[in-house]
Amino acid sequence: MYRFLLTPRWWGINVFVVLAIPFCIFMGSWQLGRFEDRVQDHESAKEQAKEQSAEAKDGGGAKARPLRSLLPVDKETSGEQATATGRYGKQLLVPDRELDEKQGFYVLTLLRTDDGKSLPVVRGWLPGDASTAKAPAAPKGEVTVKGALQASESPGSNGVSAAGGLPQGQLGAISSASLVNLVRDDLYDAWITLDKADAGMKAVPAAAPNNTGLDLKAFQNLGYTGEWFVFAGFVVFMWFRLFRREAEFARDARLGLLPDPEPHETQPETEAGTGTGTTPSTEAPA
């Protein structure tokens with residue numbers, strides 16, 4: 001009854017199913033592993049940020065290192081304590097930033113370091129709408145800053161505004177790519193948030209490193225996991241459906257239950273010289 005399974009057609013179907021199911025399961029498991037890795041990175045980054053923030057408040061923990069020794073910023077160096085020396089220059093405001101469930105803005109000032117490059121320094125956070133009248137002026141003269149090193153932000157991620165058309169003196173994302181359009185300085189591709197904010201402002205806590213949060217990419221991995229497992233189930237479902245249909249057809253054929261093929265209609269041949277009329281003779285009478 002199941003001899004149809006030995007036909008070349010079904011050999012091809014079976015080989016495809018045997019290869020497709022493990023492949024779908026492997027890809028689904030791999031995507032699930034990527035999601036779990038992102039969750040683990042997110043939790044580790046949160047714990048690291050809490051520890052660094054607590055250490056900074058207590059004045060203990062790892063000693064701050066020079067900025068240049070921590071560049072470029074990666075998952076290992078993001079959040080590390082860094083120091084830099086220079087003079088404050090241009091000041092900008094970063095609106096639409098939330099802290100302690102309140103809306104406000106960052107006060108960012110460029111620190112021109114001894115090597116001629118400028119480092120964005122977030123000196124603190126203030127509640128309400130961004131206003132230059134609220135932001136305190138930066139200290140004069142040479143200063144040494146200490147704070148958590150952060151990577152450049154990407155607009156539209158981790159709560160960073162992607163809106164354009166901001167008023168003069170305001171910045172949407174803290175990144176060298178955004179600042180290059182506002183200042184002429186040679187910029188570091190990093191920024192620092194001070195451990196102790198300047199007078200009248202709150203310190204901005206360090207954010208988790210890039211690609212460690214539960215962002216859209218993480219949930220895309222979770223969605224792909226479901227898709228691959230659904231594909232595996234669909235392959236099994238289609239195999240059983242085809243098998244059942246083929247088995248029913250073979251059973252009906254064995255029992256003689258298949259309908260007889262309809263006979264082909266044939267057109268009757270007409271003999272030459274026959275028809276409704278007669279053809280007059282063209283022979284002359286003898």
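Numbering starts at 1 and runs along the sequence shown. Just so it is clear, the structure is predicted and the values come from calculations on it, not from any experiment.
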K202 and D100: CA distance, side-chain angles, deciding distance, salt bridge (Lys or Arg N to Asp or Glu O under 4.0 Å) verdict: CA-CA 10 Å; K202 286 187 177 181; D100 297 334; 3.4 Å; yes
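- Under a hydrophobic clustering in which Ile, Leu, Val, Met, Phe, Trp and Tyr are joined whenever their side-chain heavy atoms come within less than 4.5 Å, directly or via other members, F105 and L171 fall into different clusters.
- Following chains of ILVMFWY side-chain contacts shorter than 4.5 Å, one can reach L99 starting from L92, so the two form part of one hydrophobic cluster.
- A donor-acceptor contact closer than 3.5 angstrom is absent between the side chains of E153 and S175.
- Shortest non-hydrogen contact noted between C24 and F231 is SG-CB, 3.8 Å.
- Closest heavy-atom contact between V73 and A190: CG2-CB, 3.6 Å.
- Checking side-chain atoms of S29 against main-chain N and O of I25 turns up a donor-acceptor pair under 3.5 Å.
- Distance alone, capped at 3.5 Å, is enough to place a donor-acceptor pair between the R123 side chain and the P136 backbone.
- Within a 6.0 Å radius of CD in E98, more than 12 heavy atoms belonging to other residues, nucleotides or ligands are found.
- How far CD of E80 is from CD1 of I192: 12.0 Å, rounded to the nearest 0.5 Å.
- Formation of a donor-acceptor pair under 3.5 Å by the S176 side chain with backbone atoms of L187 is not found in this model.
- Not a single donor-acceptor pair under 3.5 Å links the side chain of W239 to the backbone N or O of V17.
- For D115, the CG atom counts as densely surrounded, since its 6.0 Å shell holds more than 12 non-hydrogen atoms of other residues, nucleotides or ligands.
- L93 and L166 end up in different hydrophobic clusters when Ile, Leu, Val, Met, Phe, Trp and Tyr side chains are linked at under 4.5 Å.
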Please table the atom pairs, donor to acceptor, closer than 3.5 Å between any side-chain atom in residues 223-230 and protein atoms at least two apart or in another chain.
from	atom 1	to	atom 2	distance (Å)
T225	OG1	L32	N	3.0
T225	OG1	N221	O	2.9

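- In this structure, L111 and G86 approach most closely via the heavy-atom pair CD1-C, 3.5 Å.
- Taking the six-membered ring for Trp and thresholds of 30 and 60 degrees, F35 and F219 have ring planes inclined between 30 and 60 degrees apart.
- Separation of atoms CZ (R245) and CZ (F240) is listed at 16.0 Å; rounding is to 0.5 Å.
- A donor-acceptor pair under 3.5 Å links the side-chain atoms of W191 to the main chain of A151, judged by distance alone.
- Applying the salt bridge (charged side-chain N to carboxylate O under 4.0 Å, His left out) definition to pairs two or more places apart or across chains, those involving residues 4-30 are R9-E246.
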